[in-house]
Amino acid sequence: MAPNARASLNTRRRFLAPFAGQAVNPPPIWLMRQAGRYLPEYRATRDEAGSFLALCYRPELAAEVTLQPIRRYGFDAAILFADILIVPDALGQEVRFETGEGPRLDPITDEMALSRLEPSGTEAKFGLICETVQRLRQDLPEETALIGFCGAPWTVATYMVGGRGSPDQADARAWAYRDPDGFQKLIDILVEVSIDYLSGQVKAGADALQIFDSWAGSLPDNEFARWVIDPTRHMVDALKARHPGVPIIGFPRGAGASTAEFVTATGVEGVSCDTSMPLCAMRELAELDIVVQGNLDPLLLVAGGDALDRRIDETLAAMKGRRHIFNLGHGIVPQTPPENVARLVERIRSVA
Ligand code: CP3
């Protein structure tokens with residue numbers, strides 16, 4: 001039996017129960033960016049690697065930082081340690097992470113520049129990431145699910161075109177308006193390589209996949225349909241054909257009122273909601289026969305105390321009886337006190 005088929009039948013992995021149609025109480029928990037700078041042991045391993053990207057490409061160290069939050073908190077799922085910008089890096093558009101400044105790439109701003117990309121040359125770098133997945137499947141506790149991931153084509157394109165993060169994704173939006181056919185070629189390349197990349201992660205042992213579309217919210221509805229929904233649907237269709245039974249979670253951050261359409265049109269089995277999604281809207285999304293993940297404000301994990309406890313309780317009460325996975329609405333921030341994460345896990349597991 002393929003490793004993924006065995007894993008998805010593994011009822012010991014509570015994380016997978018909601019995808020099999022079961023609402024579990026308390027809900028499974030994991031947190032976006034659960035491995036990262038808020039943990040001293042992460043900072044030590046990152047220093048050992050020398051840089052963030054070097055850490056991503058050293059399977060034994062990447063596996064180690066993936067395991068660190070599992071050891072501390074016993075989350076129900078581990079997420080592969082890598083980054084959404086591995087894809088452009090593997091395509092030959094070299095990515096640099098400068099300390100305190102975020103990612104930098106030499107921007108690709110028109111169709112001509114697409115010739116710089118080498119979709120057939122991704123194997124070595126993807127291979128290293130898949131080796132991390134393989135190690136993890138060996139080293140993780142049997143009851144912990146393993147989530148593979150990549151960035152959605154639209155969000156990855158915003159970094160490739162802008163050359164860095166930006167508040168409004170103006171460069172990618174402008175290209176998409178100016179020359180939709182040219183921009184489509186970039187999106188098509190990303191769809192194809194991302195399918196192969198995620199498929200490789202499943203073959204290496206990932207139990208579920210998440211597609212991060214962090215900048216989905218910057219597009220008006222017709223553009224959202226073309227650059228967020230369509231590419232995601234293509235990926236979901238291809239992955240379902242290759243790996244039926246491996247759940248896919250979409251994270252169309254900021255999609256707001258378009259979230260339900262995203263869910264029904266893409267065929268994802270789960271949707272991760274950002275912090276601005278009202279709890280009553282999350283409950284409604286759960287009626288679409290999917291798993292809903294989210295959506296605590298990461299800053300509540302910085303604040304801690306009563307404010308944190310109250311919102312945990314409200315979230316649990318709102319989602320009780322639904323197929324819910326507890327998570328944040330966005331990634332853990334570096335200034336988070338690790339003891340607040342422990343408090344969160346304890347409260348969810350005791351109150352629910
Ligand atoms: O624990 C996990 O969640 C798994 C690993 C993971 C990372 N990035 C590690 C990381 C995942 C799933 C991501 C996703 C990611 N990366 C997204 C989508 C989710 C989101 O946050 O919206 C995006 C947009 C990126 C791109 C990216 N990577 C940026 C903009 C930055 C710089 C900002 C920052 O926090 O430093 C990164 C770096 C990054 N990716 C770090 C980590 C742990 C910090 C790097 C360091 O150690 O200095």
Side-chain angles (χ1 to χ4, degrees), residues 29-58 61-73 75 77-89 95-105 129 132-133 136 144 146-160 162-167 169 172 194 197-198 201 206 208-218 249-255 272-276 293-295 298 301 327-336 341:
I29 320 167
W30 71 281
L31 303 178
M32 291 192 264
R33 289 277 180 97
Q34 63 193 21
R37 282 167 296 188
Y38 76 108
L39 292 178
E41 60 269 36
Y42 169 84
R43 297 194 297 268
T45 313
R46 186 185 182 281
D47 287 348
E48 187 186 337
S51 75
F52 171 67
L53 271 187
L55 174 56
C56 293
Y57 289 131
R58 290 259 311 262
L61 297 185
E64 165 58 24
V65 293
T66 308
L67 290 165
Q68 286 167 352
I70 306 302
R71 288 193 201 109
R72 258 192 197 245
Y73 305 115
F75 291 121
I79 181 161
L80 160 69
F81 189 84
D83 196 81
I84 65 163
L85 300 179
I86 293 296
V87 166
D89 193 62
V95 177
R96 302 174 299 281
F97 280 88
E98 278 143 34
T99 321
E101 288 196 34
R104 293 286 182 276
L105 306 83
I129 305 294
T132 305
V133 175
L136 282 168
T144 313
L146 177 57
I147 303 169
F149 77 93
C150 72
W154 162 250
T155 287
V156 175
T158 66
Y159 288 95
M160 295 175 77
R164 55 167 72 197
S166 67
Q169 298 75 55
S194 302
Y197 181 43
L198 289 183
Q201 294 179 28
L209 298 169
Q210 178 152 321
I211 301 174
F212 288 85
D213 218 342
S214 305
W215 299 118
S218 63
I249 305 166
F251 179 39
R253 190 166 74 92
S272 204
C273 295
D274 65 71
T275 297
S276 68
Q293 197 174 258
N295 72 340
L301 266 189
N327 206 315
L328 303 178
H330 202 190
I332 294 186
V333 295
Q335 65 271 33
T336 303
V341 178

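Side chains are part of it too, since the values below use all heavy atoms of this structure and drop only hydrogens, waters and symmetry mates. First listed ligand is number 1; within each ligand, the first listed atom is number 1. Remember, it's a predicted structure, so these values are computed and weren't measured experimentally.
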Q.
Rounded to the nearest 0.5 Å, what separates atom CG in L198 from atom CD in Q210?
A. 11.0 Å

Q: List in chain and number order the residues that pass ring-ring contact (aromatic ring centres under 6.0 Å, His included) with Y73, two or more places apart in sequence or in another chain; answer none if no residue qualifies.
A: F75

Q. Rounded to the nearest 0.5 Å, what separation is found between the CZ atom of F212 and the CD1 atom of I249?
A. 8.5 Å

Q) Sequence neighbours excluded, which residues qualify as side chain to side chain donor-acceptor pair (under 3.5 Å) partners of R58? A) E60

Q) Which pairs, with at least one residue in residues 327-336 and sequence neighbours excluded, count as a salt bridge (charged side-chain N to carboxylate O under 4.0 Å, His left out)? A) none

Q | Sub-4.0 Å heavy-atom environment of ligand 1, residues by chain | A | M32, R33, Q34, A35, R37, Y42, R46, F52, I79, L80, F81, A82, D83, I84, F97, G102, P103, F149, Y159, F212, S214, H330

Q) Do T45 and E64 have side-chain atoms, one donor and one acceptor, less than 3.5 Å apart? A) no

